[in-house]
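Notes for the one structure printed next.
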Amino acid sequence: GAGVSQSPSNKVTEKGKDVELRCDPISGHTALYWYRQSLGQGLEFLIYFQGNSAPDKSGLPSDRFSAERTGGSVSTLTIQRTQQEDSAVYLCASSRGQSGNTIYFGEGSWLTVV
Amino acid sequence: QKEVEQNSGPLSVPEGAIASLNCTYSDRVSQSFFWYRQYSGKSPELIMSIYSNGDKEDGRFTAQLNKASQYVSLLIRDSQPSDSATYLCAVSLLYNQGGKLIFGQGTELSVKP
């Protein structure tokens with residue numbers, strides 16, 4: 001597609017429920033990133049996929065968070081047993097994958113846990 | 001110590017003035033440096049990238065990099081109210097051939113008419 005596509009754009013869920021957030025990167029981009037941004041805060045790195053390499057999961061805040069990338073394209077971020085502190089915008093981004101390449105962000109998935 | 005640090009602001013400048021935004025980073029092997037602009041409720045968009053020491057100019061924007069001091073800055077000349085946004089500094093830590101990007105917390109800029 002023309003840009004990074006994320007869905008859903010908004011999600012309200014009850015505490016304790018699981019949620020899945022989807023990201024469709026720009027066609028041909030081998031690198032895919034997930035970031036989290038809480039209200040008024042900077043971007044918190046969560047996970048990074050580069051081609052067929054093992055993902056860098058060093059930013060995942062707990063074992064309730066997981067992500068996968070199927071076929072080197074679409075990615076799903078799963079949050080199990082959601083907590084109120086998980087409320088944030090989840091931003092996906094993609095790039096051509098070489099160091100220094102520009103990364104392009106999607107519009108984000110706004111998650112509210114009530 | 002945070003990997004990428006910025007003053008959170010807000011930084012307020014009058015229209016037409018120069019806005020100066022600063023960023024320091026902790027990892028000496030960092031190779032690539034970026035400035036992103038984020039309007040309220042929107043996703044970040046790239047303004048400038050810089051990879052070598054010195055200045056890089058693009059229109060009203062100038063990025064400055066000093067790897068010895070681990071310091072990168074962004075100057076905005078002739079600031080406009082439309083420049084009011086949060087500016088995010090980002091640093092790429094070499095990871096294989098990829099570009100894991102670490103962001104600072106952002107500096108809020110307000111340009112007053």
Side-chain angles (χ1 to χ4, degrees), chain A residues 3-7 9-10 21 23 25-26 29-60 67 69 72 88-110 112, chain B residues 2-10 21 23-27 29-52 56 58 63 65 67 72 85-109:
Chain A
V4 178
S5 178
Q6 292 189 245
S7 61
S9 55
N10 284 283
L21 307 176
C23 174
I26 294 172
H29 281 192
T30 59
L32 187 147
Y33 309 74
W34 282 100
Y35 289 87
R36 177 169 72 174
Q37 188 172 34
S38 301
L39 192 63
Q41 301 298 310
L43 273 67
E44 176 188 4
F45 169 78
L46 296 178
I47 189 169
Y48 163 64
F49 296 90
Q50 170 54 54
N52 294 321
S53 301
D56 179 348
K57 304 180 181 180
S58 60
L60 294 178
R69 188 178 185 192
V89 177
Y90 290 81
L91 290 161
C92 178
S94 71
S95 79
R96 293 193 182 278
Q98 297 301 311
S99 181
N101 282 158
T102 301
I103 70 171
Y104 298 89
F105 284 88
E107 291 301 312
S109 291
W110 295 67
T112 303
Chain B
K2 292 183 180 178
E3 293 179 83
V4 180
E5 293 203 55
Q6 299 179 250
N7 291 326
S8 60
L21 304 162
C23 173
T24 58
Y25 59 94
S26 61
D27 197 320
V29 301
S30 301
Q31 297 294 321
S32 308
F33 307 86
F34 304 86
W35 283 99
Y36 281 78
R37 178 176 62 199
Q38 186 175 28
Y39 291 113
S40 181
K42 299 295 185 181
S43 57
E45 56 181 341
L46 181 68
I47 301 175
M48 293 280 291
S49 58
I50 187 166
Y51 308 110
S52 54
K56 179 181 178 182
D58 183 0
L65 175 62
K67 289 187 177 181
V72 59
T86 296
Y87 289 80
L88 298 162
C89 172
V91 174
S92 176
L93 305 176
L94 194 63
Y95 181 81
N96 293 336
Q97 292 188 349
K100 174 181 172 180
L101 215 58
I102 302 299
F103 284 81
Q105 71 271 31
T107 297
E108 182 183 352
L109 173 66

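Quick note on labels: first sequence line is chain A, next is B, and so on, each numbered from 1.
- Interface residue Glu107(A): backbone and side-chain heavy atoms are both found under 4.5 Å from chain B.
- The two residues Ser43(B) and Gly106(A) have their closest heavy-atom pair at CB-O, 3.0 Å.
- The ring pair (Phe, Tyr, Trp, His ring centres under 6.0 Å) test applied to Tyr90(A) returns no partner, not counting sequence neighbours.
- Proximity to chain B (any heavy atom under 4.5 Å) is shown, for Phe105(A), by both the backbone and the side chain.
- Side chains of Ser95(A) and Leu101(B) form no contact here, defined as non-hydrogen atoms less than 4.5 Å apart.
- Atoms CD and OG1, on Gln37(A) and Thr86(B) in that order, are 8.0 Å from each other to the nearest 0.5 Å.
- Using a 4.5 Å cut-off between heavy atoms, Leu91(A) touches chain B through its side chain atoms alone.
- Proximity to chain A is absent for every atom of Gln6(B), based on heavy atoms less than 4.5 angstrom apart.
- Residues satisfying the ring pair (Phe, Tyr, Trp, His ring centres under 6.0 Å) criterion with Phe33(B), sequence neighbours excluded, are Tyr25(B).
- Here OG of Ser49(B) is found 12.0 Å from CD1 of Ile103(A). Values are rounded to the nearest 0.5 Å.
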